[in-house]
Protein chains: 2
Amino acid sequence: MTRRPHTRPPVLADVARVAGVSVPTVSRVLSGSAPVSADKRRQVLRAIQELGYRPNAAARALATGRRSIISVLTSDTTRYGYASTIRGIEEAARAVGLVVALTMLDGDDEESARVAVDLALDQPLAGMIVLEFDIQGSRALAALPDTLPVAAVSSAGQGRSVPRALFDDHAGARDATNYLLGLGHRTVHHVGIPPSGRPSGRLLGWREALEAAGAPVPEIVESDGTPRSGLQAGARLARRGDVTAVLCGNDEVAFGVIKALQDEGSRVPEDVSVVGFDDHPLAEIWTPSLTTMRQDFAELGRMAVDFLLGRLAGVPVEAPRSTPRLVVRKSTAPAAR
Amino acid sequence: MTRRPHTRPPVLADVARVAGVSVPTVSRVLSGSAPVSADKRRQVLRAIQELGYRPNAAARALATGRRSIISVLTSDTTRYGYASTIRGIEEAARAVGLVVALTMLDGDDEESARVAVDLALDQPLAGMIVLEFDIQGSRALAALPDTLPVAAVSSAGQGRSVPRALFDDHAGARDATNYLLGLGHRTVHHVGIPPSGRPSGRLLGWREALEAAGAPVPEIVESDGTPRSGLQAGARLARRGDVTAVLCGNDEVAFGVIKALQDEGSRVPEDVSVVGFDDHPLAEIWTPSLTTMRQDFAELGRMAVDFLLGRLAGVPVEAPRSTPRLVVRKSTAPAAR
DNA sequence: ACATCGCTTGATAAACGCTTTCATGGCTGA
DNA sequence: TCAGCCATGAAAGCGTTTATCAAGCGATGT
C-alpha cells in the first residue's frame with residue numbers, strides 16, 4: 001500500500017517561500033533565462049529538492065505557448081512496419097525533448113476517423129504525424145484541420161496536399177519484379193495488401209515492370225496483410241498451377257503464402273519463388289529464409305520527425321524519401337526450365 | 001504547399017465576441033455546466049464552427065486540474081508482447097477519453113531511466129503505466145516519484161511496492177512444463193529471456209514443476225529474447241544430444257530454437273518437442289506450428305488501465321491477473337521411447 | 001394592482017501555476 | 001558623483017473554468 005499523499009503538490013510559490021526568494025527568481029533558476037546569484041541559486045535548488053517540486057506542465061505550456069507533444073495517428077501498432085515506424089518517431093522525438101502521443105484509428109469510416117482526430121487534438125500539439133499506410137490513415141489525414149503542422153508517412157505517389165516523408169515502394173516493387181524476371185520467370189504474380197487510397201505503389205511498380213518487360217500481367221490476389229490472409233492467398237495461387245514467382249505486399253503475407261504453397265505440395269523456391277516486402281525480423285530465419293525488399297521503417301519515422309520539425313522551424317526541407325533495398329535469401333531461385 | 005496560417009488560433013474570447021456573448025457563456029455551452037438559452041447557444045455554436053475554434057488543452061488542464069494523458073514507459077515497442085500490451089492500453093484509454101503518451105526506455109542504466117522518466121513527467125499526467133517485462137522497466141519504476149499514480153504490468157511474484165496488473169507466467173511455465181513431462185519427457189530444458197529483476201516467473205514455474213516431478217533440472221540456456229539469439233540457443237541445445245523437450249521464454253526465441261534444431265538435423269517434434277510463450281501471430285503458421293502458452297497481452301493492457309483508473313477514483317480495486325493458457329499445436333509430441 | 005420572491009440567464013472577477021516584461025535599487029568603475 | 005550594469009521583485013499576462021453577483025421576468029400574496 002503506497003501512501004497516497006492528499007496534500008496538493010508543491011508549486012513554484014512554495015519553493016520561493018521556502019527558499020526565501022521571489023517566484024520569478026525560482027523560475028529563472030529553473031530555466032536559466034537570466035543570471036541568479038550563486039547563493040540564491042543554491043537555496044532554491046535545496047528547496048526544490050526538499051519539497052520534491054516538479055513544474056506543472058500544463059501551466060508551463062500555457063505560459064510559454066510551447067507545445068511538446070507529437071501526436072501519431074495509426075491504424076495499427078503491432079505489425080512490424082507500423083511498430084518500427086513508431087519506434088523511429090519516438091526516438092527522434094525524444095532526442096529533441098518531445099513526447100509521442102499515440103492514437104489508434106480503428107474503424108475505417110469517416111466518423112471514427114473524426115473521433116480519433118478529435119481526441120488527439122484535445123492535447124496541445126506541436127505537430128502531428130499520420131501513418132498513411134492504409135485507408136484509415138488517408139481518412140484521418142482528410143479529417144485534420146489545416147491549421148496544424150502535419151507530416152504523413154506514406155508511399156510515394158499518393159496525394160500531394162500534405163507534406164510527406166515517403167518510402168518509395170513503387171521503385172521497390174519494380175526492382176523486385178525485375179529481379180524475378182531476371183531469374184527467368186515468365187511473369188510474376190502479386191499478392192496485394194490494402195492500399196491507402198489509389199492503387200498502392202507496390203502494385204504500380206509491379207505492373208510497370210511487367211509491362212516494360214512485355215510479360216503478361218496476372219490477376220492480383222488480394223489479402224488483408226496478415227499471415228492468415230497470406231495463407232488463403234497462397235492456397236489460391238497453388239491452385240492456379242502456372243505460378244512460378246510471387247511478389248507479396250509484405251513479409252507477413254509472404255510467410256502465409258509460403259506456408260500454403262508448401263502445404264499444397266509446391267516447393268519454395270524450386271517450384272515457386274517468393275519475394276516479400278519490409279524485411280521482417282523473422283524473414284531471415286523462416287524456412288526457407290525470405291528474399292525481401294528491406295524497408296528501414298525506423299529511419300522513415302525519424303525522417304518524418306525531422307521533416308516536421310524543419311517545417312515548424314520555417315526551414316524549407318525537401319520531402320525525405322527512402323527506397324527499399326533487395327535482400328536476396330533462399331526463397332527465390334532461377335525459373336525451372 | 002499548404003497555406004501556413006500565421007494568425008494565432010482563435011480563443012474563447014474570440015468566439016464570445018463573434019457570438020456576441022460573454023466568455024463564461026461560451027464555456028457553459030461547451031461544458032453544459034449551466035443552462036444557456038437556445039438562441040445564444042445557437043449563436044455560440046455557429047461562431048465556434050465559423051472560427052474553427054478548439055479549446056486550448058493546456059489552459060483547460062491548468063484551470064480544471066484534470067489530466068488527460070496516460071504515460072506508458074516501455075523498453076520496446078516492436079516486439080509482440082510489448083506492442084500488444086500497448087495496443088490494449090491505448091484502446092482502454094481511448095474508450096474513456098484519455099490519450100496515451102509513449103516513452104521508450106533505451107539503455108539499462110539508471111541514468112537513462114531517469115532521463116526517460118523526466119521527459120514523461122514533463123507532461124500533465126493522469127497516471128503512468130510501466131511495462132515491467134524486463135530490467136529497464138524495473139529501473140524506471142524505481143526512478144518514479146511516489147506522488148504519481150502508477151500501475152505496472154508485470155509478472156506475478158515481483159516486488160509489491162507498486163500496484164500491478166499481473167500476468168501469471170509462473171503458473172503458465174509450470175503448466176507448460178507439466179504438459180511436456182506428461183508427454184513422457186524425462187526432463188525439460190529452458191531457454192530463458194532477460195528477467196525484470198529476480199529470476200523470472202517463467203524460470204521459477206519451470207523449475208518448480210521439474211522439482212515437483214522429481215525430474216532433473218538442467219542448466220538454463222540464456223537468450224536475449226530475439227529470434228537470432230534463439231538460433232544460438234537452439235544450436236547449443238542441439239549439441240547437448242540429450243535434449244528432448246524445450247520450454248522457451250517466448251515465441252520469437254522458440255522460432256529460432258526450432259530453426260537451429262532443424263539445421264542441426266533434429267526433427268521437431270519427433271526428436272525434440274518445443275513449447276513457446278505468448279502465442280505470436282506467426283506461431284500457428286510456423287513449420288511445425290508452435291505449441292505455446294497463450295498470453296492475452298491486449299487484455300492485460302486494458303486491465304492495467306482499468307486498474308489505474310479505479311485507483312484514481314479511489315475505488316479499491318483488486319490487482320487484476322491474467323493466466324496464460326496452453327495452446328497445443330504441432331511442435332510437441334510424446335517422447336520417443 | 002403593487003411590492004415581493006424565486007428562478008433563469010448573463011456578466012464580472014478570481015483562480016490555476018508558470019513565464020516574461022518592466023521597473024527598481026544597489027553596485028561598480030571612471 | 002554619476003552613468004551603467006546587474007540581480008531581484010512586482011505585476012501582467014497565457015486561455016480556461018468556476019464562483020459570485022446582478023439583472024430581468026413572470027408568478028404570487030394581499
Side-chain angles (χ1 to χ4, degrees), chain A residues 7-45 47-48 51-69 97 121-126 147-148, chain B residues 7-45 47-48 51-69 97 118 121-126 145 147-148:
Chain A
T7 86
R8 83 171 161 58
V11 300
L12 210 50
D14 299 324
V15 175
R17 191 161 24 74
V18 169
V21 301
S22 71
V23 167
T25 300
V26 179
S27 176
R28 287 194 266 261
V29 169
L30 250 34
S31 66
S33 63
V36 172
S37 70
D39 35 337
K40 297 229 171 195
R41 148 170 291 119
R42 213 176 21 249
Q43 288 179 302
V44 167
L45 291 176
I48 289 178
L51 295 174
Y53 168 76
R54 289 226 162 239
N56 177 311
R60 179 172 279 181
L62 179 58
T64 61
R66 266 193 289 280
R67 276 83 213 278
S68 56
I69 303 180
L121 289 177
D122 272 351
Q123 300 303 136
L125 300 182
T147 55
L148 188 79
Chain B
T7 85
R8 80 167 162 57
V11 300
L12 210 49
D14 299 323
V15 175
R17 190 162 24 73
V18 170
V21 301
S22 72
V23 167
T25 299
V26 179
S27 177
R28 285 196 268 261
V29 169
L30 250 35
S31 67
S33 64
V36 172
S37 68
D39 36 334
K40 297 238 170 192
R41 150 170 291 117
R42 213 175 23 247
Q43 287 180 302
V44 167
L45 291 177
I48 288 178
L51 295 174
Y53 168 76
R54 291 228 161 237
N56 178 312
R60 178 173 279 183
L62 179 58
T64 63
R66 267 193 288 281
R67 277 81 212 278
S68 57
I69 304 180
D118 278 348
L121 289 176
D122 273 352
Q123 301 302 134
L125 299 183
T147 54
L148 189 77

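Contacts between chain A and DNA chain D, taken as any atom within less than 4.0 angstrom of a protein heavy atom, begin and end at D/dA7 to D/dG15.
Taking only side-chain nitrogens and oxygens, B/Ser22 never comes nearer than 4.0 Å to OP1 or OP2 of C/dT12.
In this structure, the salt bridge (charged side-chain N to carboxylate O under 4.0 Å, His left out) partners of A/Arg54, at least two apart in sequence or on a different chain, are B/Asp118.
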- Do nucleotides 22-27 of chain C as a string where each nucleotide becomes B, S or -: B if the base has a protein heavy atom under 4.0 Å, S if just the sugar-phosphate does, - if no protein is that close. ------
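Two residues are said to be in side-chain contact when any heavy atoms from C-beta on lie closer than 4.5 Å; B/Ile69 and A/Ile69 meet this criterion. Residues B/Leu121 and B/Pro145 are in side-chain contact: their nearest non-hydrogen atoms beyond the backbone lie under 4.5 Å apart. Contact of the B/Leu30 side chain with the B/Ile48 side chain is registered, since non-hydrogen atoms from C-beta on lie closer than 4.5 Å.
Residue contacts for A/Pro35: at a heavy-atom cut-off of 4.0 Å it reaches the sugar-phosphate backbone alone, with no base atom in range. The residue B/Val23 sits close to a base: some heavy atom pair falls under 4.0 Å. When heavy atoms are screened at a 4.0 angstrom cut-off, B/Ser27 is found touching base atoms of the nucleic acid. Within the nucleic acid shown, A/Arg41 has no heavy atom closer than 4.0 Å to any nucleic acid atom.
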Exercise answer: donor-acceptor pairs, residues 55-65 of chain A side-chain atoms, under 3.5 Å, sequence neighbours excluded:
| unit_1 | atom_1 | unit_2 | atom_2 | d |
| --- | --- | --- | --- | --- |
| A/Asn56 | OD1 | A/Ala58 | N | 2.8 |
| A/Asn56 | OD1 | A/Ala59 | N | 2.9 |
| A/Thr64 | OG1 | A/Arg60 | O | 2.8 |
| A/Thr64 | OG1 | A/Arg66 | N | 3.0 |

Output a table of donor-acceptor pairs, distance under 3.5 Å, between side-chain atoms of residues 10-20 of chain A and any protein atom two or more places apart or on a different chain; print 'none' if there are none.
| unit_1 | atom_1 | unit_2 | atom_2 | d |
| --- | --- | --- | --- | --- |
| A/Asp14 | OD1 | A/Arg17 | NH2 | 2.7 |
| A/Asp14 | OD2 | A/Arg8 | NH1 | 3.3 |
| A/Asp14 | OD2 | A/Val11 | N | 2.9 |

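Against DNA chain C, the stretch residues 55-66 of chain A makes heavy-atom approaches under 4.0 Å through A/Pro55, A/Asn56, A/Ala59, A/Arg60, A/Ala63, A/Thr64.
Annotation for A/Ala34 and A/Arg28: closest pair CB-CD, 3.3 Å, computed over non-hydrogen atoms. For the residue pair A/Arg41 and A/Val36, the shortest heavy atom distance occurs at NH1-O, 3.4 Å.
Each of A/Ala13 and B/Thr25 was assigned the nucleotide of DNA chain C with the nearest heavy atom; the assignment lying further toward the 5' end belongs to B/Thr25.
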- Item | From CA spacing to verdict: side-chain contact (heavy atoms from CB on, under 4.5 Å), A/Arg42, A/Leu45 | CA-CA 5 Å; A/Arg42 213 176 21 249; A/Leu45 291 176; 5.9 Å; no
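Atom P of nucleotide C/dA15 and atom CG of B/Leu12 are separated by 20 Å, given to the nearest angstrom.
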